[in-house]
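Contents: one structure, followed by commentary.
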Number of protein chains: 2
Amino acid sequence: MPTTRKRPRNAEATRKAIEAAACRHFMARPYDQVGLREIAQEAGVDAALINRYYGSKKGLFETAILPHFSIDILVQGDMSDFGRRVAGLILDPGHKQDFDPNRALLHSISSPEVGPMVAQALNDNAVADLSARIGGAEAGLRAALALAVLTGVDALYRVARLDTLTRADPEALKERLGALLQGLVDAGDPG
Amino acid sequence: MPTTRKRPRNAEATRKAIEAAACRHFMARPYDQVGLREIAQEAGVDAALINRYYGSKKGLFETAILPHFSIDILVQGDMSDFGRRVAGLILDPGHKQDFDPNRALLHSISSPEVGPMVAQALNDNAVADLSARIGGAEAGLRAALALAVLTGVDALYRVARLDTLTRADPEALKERLGALLQGLVDAGDPG
DNA sequence: GCGCGATGTCAACGCATGATGACATAAATC
DNA sequence: GATTTATGTCATCATGCGTTGACATCGCGC
């Protein structure tokens with residue numbers, strides 16, 4: 001029952017509902033394909049209210065989505081296990097979180113409207129966090145590459161649902177992806 | 001001067017012009033953000049003609065874009081050099097080809113309209129080709145992962161233009177990415 | 001309990017898009 | 001050179017979008 005009906009008037013609660021609905025929709029489909037009316041309906045609200053609160057669709061995206069571009073979940077735990085742990089999270093089919101930054105990234109990065117904002121948020125939050133966490137030589141570059149790997153796998157496995165990946169042995173895939181990520185997290189010179 | 005004016009009537013040449021323009025546009029922006037009128041104008045043609053020839057926007061995409069989802073350029077040459085060679089191609093800023101499958105992939109994969117078609121074409125062409133070329137244990141899985149890495153890097157480096165990546169030392173980036181890809185191409189067990 | 005600001009709704013606008021069918025015109029055929 | 005077909009254009013439609021301003025209604029303070 002996603003559409004909440006008959007909420008007592010409460011601006012803050014309404015905002016939360018709108019932003020939660022926005023998260024779900026912007027994560028599931030490209031920015032242009034998400035209509036304000038859908039979000040409004042799921043939040044049990046009229047579409048005009050969204051513009052009243054956030055000024056515009058872009059404003060809603062900015063308020064509801066941008067702050068979630070962090071990788072707190074991923075960097076919690078020790079880094080010696082980073083690869084396998086993150087691979088397990090990404091590949092888990094039952095993995096339902098309220099908001100998946102990677103999916104949202106894929107669905108919004110190509111939009112000229114919000115793409116630049118997303119890129120900057122990703123750079124300032126996720127890359128910076130991971131970079132600081134792993135340290136070592138060329139930490140920023142390695143962190144960005146690790147995120148790129150995650151983004152690519154998400155694109156091909158979760159969004160495109162590439163047959164070769166979905167039908168592969170999950171354990172083997174997890175193993176390969178984990179090793180890939182761990183190799184980036186562990187410092188050392190490339191050669 | 002992209003807009004060609006006053007072409008003698010020739011269906012085949014017109015089709016080529018339309019499809020070339022479509023390639024450029026569908027590579028540069030998301031599927032929904034590309035208008036038939038833009039493509040038509042760049043091809044020096046009326047938008048209605050596109051629907052006449054291809055039935056619909058989706059039909060044009062299918063005819064113009066899908067066949068190009070191959071990685072012929074990448075798999076030419078010996079595989080011992082694959083990583084560095086492909087990394088160089090991807091990262092080269094002056095790298096202007098008529099059509100870049102990776103960019104088109106990113107801009108169309110999330111569209112519910114054409115996304116599934118793209119996924120299947122990618123799977124049947126690119127992944128299959130690369131898989132056959134590299135061979136070894138779990139060749140398909142490794143090929144798909146390599147493409148995922150390329151996709152992710154393209155997303156973050158070329159589309160998002162992540163500061164951390166664009167401002168990194170190009171040689172270091174090429175080195176890291178090359179090693180990543182080469183590790184996937186070279187067979188052997190992960191552990 | 002009344003008024004007034006906060007909260008939310010409604011109808012409508014302007015705009016852009018993909019698609020259609022009627023029309024024009026160049027080119028080929030005889 | 002007339003006719004006919006292939007090629008291309010024009011005006012227009014239906015639709016969906018984000019956005020806006022006028023209106024309704026709830027709820028708190030006096």
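Every chain is numbered from 1, with letters handed out A, B, ... down the list of sequences.
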Taking only Watson-Crick and G-U wobble pairs with both distances under 3.5 Å, what dot-bracket line describes DNA chain C, where [ ] shows pairs that cross earlier ones and | shows pairs with another strand? ||||||||||||||||||||||||||||||
Generate the contact string for nucleotides 3-17 of chain D. Rules: B means base contact, S means sugar-phosphate contact only, - means no protein heavy atom under 4.0 Å. ---BBBBB-B-----
Rounded to whole angstrom units, what separation is found between the [atom1] atom of [X] and the [atom2] atom of [N]?
X: I50(A); N: dT20(D); atom1: CD1; atom2: P; result: 14 Å
X: L60(A); N: dT19(D); atom1: CG; atom2: P; result: 10 Å
X: F26(B); N: dG18(C); atom1: CZ; atom2: C1'; result: 12 Å
X: N51(A); N: dA22(D); atom1: CG; atom2: P; result: 16 Å
X: I39(B); N: dA19(C); atom1: CD1; atom2: C1'; result: 15 Å

With [X], which residues qualify under side-chain contact (heavy atoms from CB on, under 4.5 Å), at least two apart?
X: A22(B); result: F26(B), I39(B), L60(B), A64(B)
X: S70(B); result: D72(B)
X: A47(A); result: R37(A), A40(A)
X: S56(B); result: N51(B), K58(B)

Would R24(B) and E19(B) count as a salt bridge (charged side-chain N to carboxylate O under 4.0 Å, His left out) if you check the C-alpha gap in whole Å, the side-chain angles of each, and the deciding distance to 0.1 Å? CA-CA 9 Å; R24(B) 282 190 290 275; E19(B) 292 166 19; over 6 Å; no
Ring pair (Phe, Tyr, Trp, His ring centres under 6.0 Å) involving H25(B) - partner list, sequence neighbours excluded: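 Here no residue qualifies.
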Donor-acceptor list for residues 146-153 of chain A side chains, cut-off 3.5 Å, not counting sequence neighbours:
unit_1  : atom_1 : unit_2  : atom_2 : d
T151(A) : OG1    : N102(A) : OD1    : 3.2
T151(A) : OG1    : L147(A) : O      : 2.8

Can you list everything that forms a salt bridge (charged side-chain N to carboxylate O under 4.0 Å, His left out) with E113(B)? Sequence neighbours excluded, please.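 Counting only residues at least two positions away or on another chain, E113(B) forms no salt bridge (charged side-chain N to carboxylate O under 4.0 Å, His left out).
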